[in-house]
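Report on the structure given below.
Within every chain, numbering begins at 1; the chains are lettered A, B, ... in the order of the sequence lines, protein sequences first and strands thereafter.
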There are 2 protein chains.
Amino acid sequence: MTGKEAVQKGRPREFDKEQVLDKALHVFWKRGYEGTSLSDLTEAMGINRPSLYAAFGNKEELFKLALDRYLEKGPGSVHRASLQKPTATAVVESLLTSSATYLTDPSNPPGCLAVQGALSCGEASESIKQALCERRSLGEQQLRQRFECAKAEGDLGPDSDPAGLARYVMTVMQGMSVQAAGGASRADLLAVVDMALKAWSSSKS
Amino acid sequence: MTGKEAVQKGRPREFDKEQVLDKALHVFWKRGYEGTSLSDLTEAMGINRPSLYAAFGNKEELFKLALDRYLEKGPGSVHRASLQKPTATAVVESLLTSSATYLTDPSNPPGCLAVQGALSCGEASESIKQALCERRSLGEQQLRQRFECAKAEGDLGPDSDPAGLARYVMTVMQGMSVQAAGGASRADLLAVVDMALKAWSSSKS
DNA sequence: AGATTTTCATACTTATCGATACAATAACGG
DNA sequence: CCGTTATTGTATCGATAAGTATGAAAATCT
């Protein structure tokens, strides 16, 4: 009746599904979709191959589940929280500074899964690339809508361009993800955020 | 005595090395290092496997040769040309607008090889990731040096931060590469450039 | 207890990966 | 014409990829 299913019949699973999914997420995050092998996954998850397939389908489905978890419980939730800030300026400040923070979180791989997961790939992984692309677009769209509301409320000027502003902010965030992957420090990224916010101040009219 | 070597002894090569290297470059550019198989390469290059190994060493060396070519003859040359502009502002304008242009050149894969080639990857490709990382850093370093000169000349204000400015510009460029890979149009990117330049105007003091 | 159901562990399958062995071919110098 | 040198095409190598077949193990249900 609750979230968990009722009493199970057969042999009970010996691992926690969410826990090993987190392990898989970390591997995909660090290595990308194509750079991660099933052996990498089973080793990190501490389960063997048939258990993985029984619990998660296959590599592709596992990745998508890991991505969902990343977006829901991980950095994605930070994104959502930022959208709730009272003003458009506060939204952008929160979004950029929190991005700089989690992109360089030492307990996670540097960078953003939605960017590094499969930016370019072979034909076999095209659907993964597509999925990541859609998630990035969705994030941009949500930000644009937030700016449209702000414009309607007068928080943003009547000549402002919500779509362009949203794209600019996303571009800076994605660039910071590349910077983080290249070893940029948190301080480095926060300096970038400061500069990016100056463009914001000049464009929110 | 010239660039080409003297009279060759054995059976002559039946393909033009630079020409097929360009083909390989395009495949790596589109698919990334790990997403590209030797079969993809030989098919695109129109040569067979032993010819590829004889002429270019192996997959890794071929990639690095393709990267060198990309940086020397391709978009990398645009980067270098921009650094020659007379003022720091002109450098940045040229860099960003030309980036927006070539990142969406319909005759090339969208995005930048130095970003998409191997942003994250398996252990076996770590040296490729490293090489790309170094090239990106080098580009940032050159830009920083250009800004340091501008500061020394009084073109940039005495309180300006050449390193921070360079990192900001590189971040925007790398973000645009991700945007391009996600299908952003040239107009989209040029709008981003306009916004990014506003931050520039506010920070060049 | 015995039947049923599900998971676990080992070992395997097929396909593809990057990389080569080998012999035929095509240019050269003598 | 002959020996040398380098390239070409075919066919293959061992390693590893993703995915499974199979039977033992561990729980519930009757």
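- Atom-to-atom, OH of A/Y53 to C1' of C/dA9 comes out at 16 Å; the value is rounded to the nearest Å.
- Contact annotation: A/S51 side-chain N/O to C/dC8 OP1/OP2 distance is under 4.0 Å.
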Contacts under 3.5 Å, N or O only, protein and nucleotides 27-30 of chain C:
unit_1, atom_1, unit_2, atom_2, d
C/dA27, N3, B/K9, O, 3.3
C/dC28, O4', B/K9, O, 3.2

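- DNA chain D lies under 4.0 Å from no heavy atom of any residue of residues 20-41 of chain B.
- Taken from NZ in A/K129 to CD in A/E34, the straight-line distance is 10.0 Å, to the nearest 0.5 Å.
- As rounded to whole Å, 10 Å separates atom P of C/dA9 from atom CD1 of A/I47.
- Counting 5' to 3', DNA chain D first comes under 4.0 angstrom of a heavy atom of chain B and last does so at the ends given by D/dT5 to D/dT10.
- By the 6.0 Å and 45° rule, B/K59 does not stack over the aromatic ring of B/F28.
- Atom CZ of B/F56 and atom P of C/dA19 are 15 Å apart (whole Å).
- The main-chain N or O of B/G32 is found under 3.5 Å from a side-chain atom of B/T36 such that the two form a donor-acceptor pair.
- Salt-bridge annotation for B/R144 and B/E148: present, with a side-chain N of the basic residue lying under 4.0 Å from a carboxylate O of the acidic one.
- Summary of the strand contacts: B/E14 and B/G57 both lie near DNA chain C, and taking for each the nucleotide with the nearest heavy atom, the more 5' one is attributed to B/G57.
- Computed from coordinates, the A/R13 CZ to C/dT7 P distance equals 6 Å when rounded to whole Å.
- The CG atom of A/L41 sits 9.0 Å away from the CD1 atom of A/I47 when rounded to the nearest 0.5 Å.
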Begin from the C-alpha positions of B/E126 and A/R31 and carry the test salt bridge (Lys or Arg N to Asp or Glu O under 4.0 Å) through to its verdict.
-> CA-CA 10 Å; B/E126 206 72 28; A/R31 297 289 183 195; 2.9 Å; yes
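- Phosphate contact (OP1/OP2 of C/dC8, side-chain N/O of A/N48, threshold under 4.0 Å): absent.
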When you look at A/E93 and A/K85, which way does the salt bridge (Lys or Arg N to Asp or Glu O under 4.0 Å) test go after all the steps?
-> CA-CA 10 Å; A/E93 282 174 359; A/K85 294 282 176 182; over 6 Å; no
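- Within 6.0 Å of NZ on A/K64 lie more than 12 heavy atoms contributed by other residues, nucleotides or ligands.
- Residues A/K198 and B/Y168 have side chains not in contact (no heavy-atom distance under 4.5 Å, counting atoms from C-beta outward).
- Using a 4.0 Å cut-off between a side-chain N of Lys or Arg and a carboxylate O of Asp or Glu, B/R167 and A/D188 qualify as a salt bridge.
- You'll find the side chain of B/V192 reaches within 4.5 Å of the side chain of A/T171, heavy atoms only.
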